[in-house]
Every structure is written in structure tokens, then in C-alpha cells.
2 protein chains.
Amino acid sequence: MTGQVISFPREAPDVVNETSSTLKAFGVLEVLVRMGRPVTLSELMLATELPKPSLHRTLALFEEAGLLSREPDGRAYTLGQRLSRFGLDILRNDAAAAERRIILRRVVAEIGESCNLAVMHRGDLIYLDRIEADWPLRLQLPVGGASLRPHCCASGKLLLAHRGVAERDRLLSKMALERFTDRTITDQQVLQSELDRILQNGYAVDNEEYVIGVACVAVPVADSRGEVVAALAVQGATARLPLMRAIEFVPRLREAAAQISSTLG
Amino acid sequence: MTGQVISFPREAPDVVNETSSTLKAFGVLEVLVRMGRPVTLSELMLATELPKPSLHRTLALFEEAGLLSREPDGRAYTLGQRLSRFGLDILRNDAAAAERRIILRRVVAEIGESCNLAVMHRGDLIYLDRIEADWPLRLQLPVGGASLRPHCCASGKLLLAHRGVAERDRLLSKMALERFTDRTITDQQVLQSELDRILQNGYAVDNEEYVIGVACVAVPVADSRGEVVAALAVQGATARLPLMRAIEFVPRLREAAAQISSTLG
DNA sequence: CGAGTTGTTCCGCTCAGCGAGACATAAAAC
DNA sequence: GTTTTATGTCTCGCTGAGCGGAACAACTCG
């Protein structure tokens, strides 16, 4: 079920082009792990495009630490025991994420459109998880790492709206309201009243404000104290999911949001 | 090699006392992963005995990179998608994976039917490995990338059954029980008692619940701690492998499962 | 034996990581 | 309300870890 992908106005992640030494080294591990067989130094040079001595140093470091080990022939690198153990520990540790993902999955199965869960962190919108509906036309979004500007997507506006007035104003004033489409809100006043309206409605919409042809509806997710800490959103191509239809999903989204709430301390 | 005269004389094997910044950072990841739940900065300070600003910087770096992410409360750190994926890739490709593959091959050779090894990953069932028997009638399954819903295949039900009671109930109540065939279990109660029965029997079956004409039997695979983390299953067209015959393979599967256990951890 | 390929070491420059301390914020105690 | 305590975030100058061009070593091949 691959198909057309609506890509999205932000830089693409390359294999190993991190600035930090730690991330660069981690990237080497990832490449090596993904190759799925013993790999020599020169093979890794091709795969990572890193200079030879740097790679060598990095690999030696990991070997010393027991994360990697060498094949008997003394050349190719394989995964060490310590790394295997790490992998197992990672798998064991997914309980929290699993529960939320299951809730998301169910919503997606029932309404047949893609959903995602996002939080705000230091003024940026970050996706915690995202389930794609099984449609050929897909949206590529940066789960986890990179961030979105909050002023132009439903989740972002929703979370802005639910901040205290003081902080909302502080964020808004610092925020550059970059234009992405001709519907993007780029005016402070307009955004302000949009946020007020969101509080009244209890949900937020994005009508092709970020990407032409994509609409989005978001509802709040509160923690145990009633504080809104996350946003649950449905998102789809307007050709299939016009805004009006998306809004019909709000009750179902609210239901799921309540379930997600109950998973939060 | 120079400087740093005041070092620990022969300091005990503390968790994070590497010299290299990269290894220190990796150690932080290991500690975090091993704690098995969302962890706050100060908890990590205790666990790693690293200075606060350094830890903060490290965590922020990993968060930015998508390796870690924050719980919606904005404080606790959890595994990010990138790290989860990394964990899976490790298990698929580590040195022990080759051993497991050999064990799988032998089983397939002896019983003449396809076998696979699967784990749960964020609420989905994912194949670590799969060996096809040499029959013309084959089953095309998503080895690697894609995932299966757990409620409709033997391995999925088995792994659900072996979760702690509390967690099982939580997951189950939120799960979408999509129907794939007329035998798919789509009722919570029925699934509950099915899981109980699986625990009693020590194995799980799938009698055309996912694909018409395909039956499946799965047995548990424990890691070194005795925790069930994977499922070993035999799978085949019912025309050739009716469920009754598949169940006769359970003792042989158990034997192989024990061997695979010794490669985990 | 020389020409090519691949792994290892050298070494001086530079900037990323460092962490004490200050600051910010939220909860708890008074 | 004010103060205290716990916790997370930011600042900033120092310095040594990481860097990678270049040389060297080792191991093929023809």
C-alpha cells in the first residue's frame, strides 16, 4: 500500500549528518545494525560517508565498550553482547507507549483516517505517535525528533489556546507567524481570536493552513489534574476528508482522548 | 592519558563512569531503558551520578534526535520511536539472531512446515524471523517492516496472555478487535477466556482467524529472566496442516523455544 | 616485486562537551 | 499570602575529546 506521499516543508533526515559527536556515533551504530551482517570498515565508509580515521576511532570505542565485536577474521564488525542486551531491554520497555498506540489504532480503525498524538515543548509541536490509515495518499510527518510550528496546525493551535493567558501571550509575541499556504494565519489578532474560539468550541481545526489539501481536527487530552497536556488529532486529504466530515469525528476523538488521559499519571 | 590525577582508585563497576562523552551518553540511554518506565531528570541523576547540567544536555540532545521523547507531563523521559526501532533492528541482526535462525531452520526441516519468531512491539506483533517450508502454497507475510494485530494470530494472543494481568486488562479493553475472517475473535469476553485458556494450555492456536485457510500454533519463548518476550509459531495451509496436526508439533516447538531462550540475554 | 586496497596510528587544531553556579518554576510547608 | 524545598533550565569560560589529513602498516593480487 505505498502510494503518493504528500511531503512536507522541512528538511529530510539524512543518514549520518548530525553535528554532535555522540549522535554521529549513534548514527554509525544504527547504520551498522541495519545492514544486518558483519560489516568492514570500508563498507561503513561508503554507507556513512564519514572519514576513515573518525570511523575507525568510533568503532574502536564501541568495540572497547563491548557494544560491538569483531568477526574471528579480525576485520568485520558485528553487534556485541552489550548491544544485544540493550535491544532486549528496549523491547521490554514499551508498555507505556503500547497502550497509547493501541488507543490510537482503534480510533484509526473505526474512523478510517490517520490520527496522531502531539505535545508542545518549548513552543514547538512534537508528535509522540501517529497511526496512518490505510490509504494510498499519505502524509509524511516527523514523529519524535523534529518539530512543527504550532500556529498553523490544529494540534498546535489547540495547545496554545489551552495555555494560561499570560504564557500564551508570551509565546505568541515571540512567534514568527510564518506563511505556509494562503490560508495560514499570519496575523496576531486573527490568531488570538482563533484561539479564543477554540477554547469555546473545545476543538481546533486546520483547514489547509499548513499543507494545501490537508485538513485536520484536534481535541484536548488532559492529565489527571485536568491540565491539557496533549492533543489528539485526525488528519487527512481534503479530497477524501473535507473539514466538515472531519468535525463529525470530534465525539469519537473526545472518547479516545479520555482514554489516553487515564493513562497519564 | 594525562591529567585527571584524582581518579577513583579502583572504583566499583558503577553504571556510568566511561571517559568518552559518547559512551557516557550511551550509558545514560542504557540506564534509562533499564528502568523500564518514564524517568525524570532527578531520578536519572541518582541512577547515574552525573552532574545535572551534563545530564540535561545529553537528554535534550537525544530528545532532539528523536531517540527519546517526553511524557505529556513534560517532565519524564521515555523511549522515542527511533530508539524503539533501533531495539527491534538489534534483535533482528545481532549475533544471536543467526543462532536463532539456525534453530528455526532445523525445526522447519524436521516438521516440514513454515515457522516464525515474533515479538510484541508497541502493541503490534512483529516478526523477528521467519523460515518458509518448501511447499508450493506459500503465505506472503510482512517479514520485517509491517506488523500484525495481535488479537487474531496465535503468537499475538500468546504474547498478550503472558503479560501481567493488570496490563493485559488495560490493553485488552482498549484494543480494536478488527474482524478479518468469520472466525476472528471480536468480543472482549471471548478473547479474555481465550487468553486464560492459552495460559493453561501453554500454547495458543489460530484457527483461520486471520486468513481463511491458514492455521497456526504458537508456544512461548522466555528470556534469561524467565519473562516471555517472544513467540515461536508454526503456520500452514489447513489443506495440508489441519489444526490437529499442527498441535502435534507443540512438543517439538517447545524444545526449540527452550533453545532460543538461551540466546536471549 | 610493485601497484592497489584496506586497516591502523600520528598529531596539532579547534570546538563540543563540560559542569559550577545562577536562574526559573512549581509544589510543599509554614 | 510568604518561605522553603525540590526540580528543571540556562549561562559561560575552560579545556581536553573529537577531528581528519596525512603518513604508515599490512595484506592482497597480478
Reckon A:S54 has a side-chain N or O less than 4.0 Å from the OP1 or OP2 of D:dG20?
yes
Rounded to whole angstroms, how far apart are CG on B:L61 and C1' on C:dG19?
16 Å
Residues B:E30, A:R85; criterion salt bridge (charged side-chain N to carboxylate O under 4.0 Å, His left out); working and verdict:
CA-CA 10 Å; B:E30 286 182 307; A:R85 168 113 196 263; over 6 Å; no
Using whole Å, what does the distance between atom P of nucleotide D:dG20 and atom CG of A:L44 come to?
15 Å
Quick one: B:L59 CG to C:dG17 P, roughly how many Å, whole number?
14 Å
Residue met sooner reading DNA chain C from 5', once A:T22 and A:S42 are mapped to nucleotides:
A:S42
May I ask you to evaluate whether A:T58 reaches the phosphate of D:dG18, defined as a side-chain N or O under 4.0 Å from OP1 or OP2?
no
Distance test, side-chain N/O of B:S20 to OP1/OP2 of D:dG18, below 4.0 Å
yes
A:T184 side chain to A:T186 backbone, donor-acceptor under 3.5 Å:
no
Looking at D:dA17, I'd like to know if its phosphate oxygens (OP1 or OP2) sit under 4.0 Å from a side-chain N or O belonging to B:K24.
no
More than 12 heavy atoms from other groups under 6.0 Å of CD on B:E167
yes
Could you tell me how far apart B:L23 (CG) and C:dA16 (P) are, to the nearest whole angstrom?
19 Å
Round to the nearest Å and state the distance from B:M45 atom CE to D:dT7 atom P.
9 Å
Determine: side-chain N/O of A:R122 to OP1/OP2 of D:dG8, distance under 4.0 Å, yes or no.
no
Under 3.5 Å donor-acceptor pair, A:K52 side-chain atoms to C:dG7 base atoms
yes
How would you label the contact of B:P53 with the nucleic acid (heavy atoms, under 4.0 Å): base, sugar-phosphate, or nothing?
base
Pick the closest DNA chain C nucleotide for A:E43 and for A:S21 by heavy atoms, then say which residue is nearer the 5' end.
A:E43
Over how many whole Å does the gap from A:L50 atom CG to D:dG20 atom P extend?
8 Å
Residue pair B:R100 / B:L91: nearest heavy atoms and the distance that separates them
NH2-O, 2.9 Å
Side-chain N,O (B:R75) to OP1/OP2 (D:dT9) below 4.0 Å:
no
For A:E64, look at atom CD and say whether over 12 heavy atoms of other residues, nucleotides or ligands are found less than 6.0 Å away.
no
Protein-nucleotide distance (B:H56, atom NE2; D:dG8, atom C1'), rounded to Å:
6 Å
Please check the phosphate of D:dG20 (OP1 and OP2 only) for any side-chain N or O of A:R57 closer than 4.0 Å.
no
Spacing between A:E49 atom CD and D:dG20 atom C1', to the nearest angstrom
16 Å
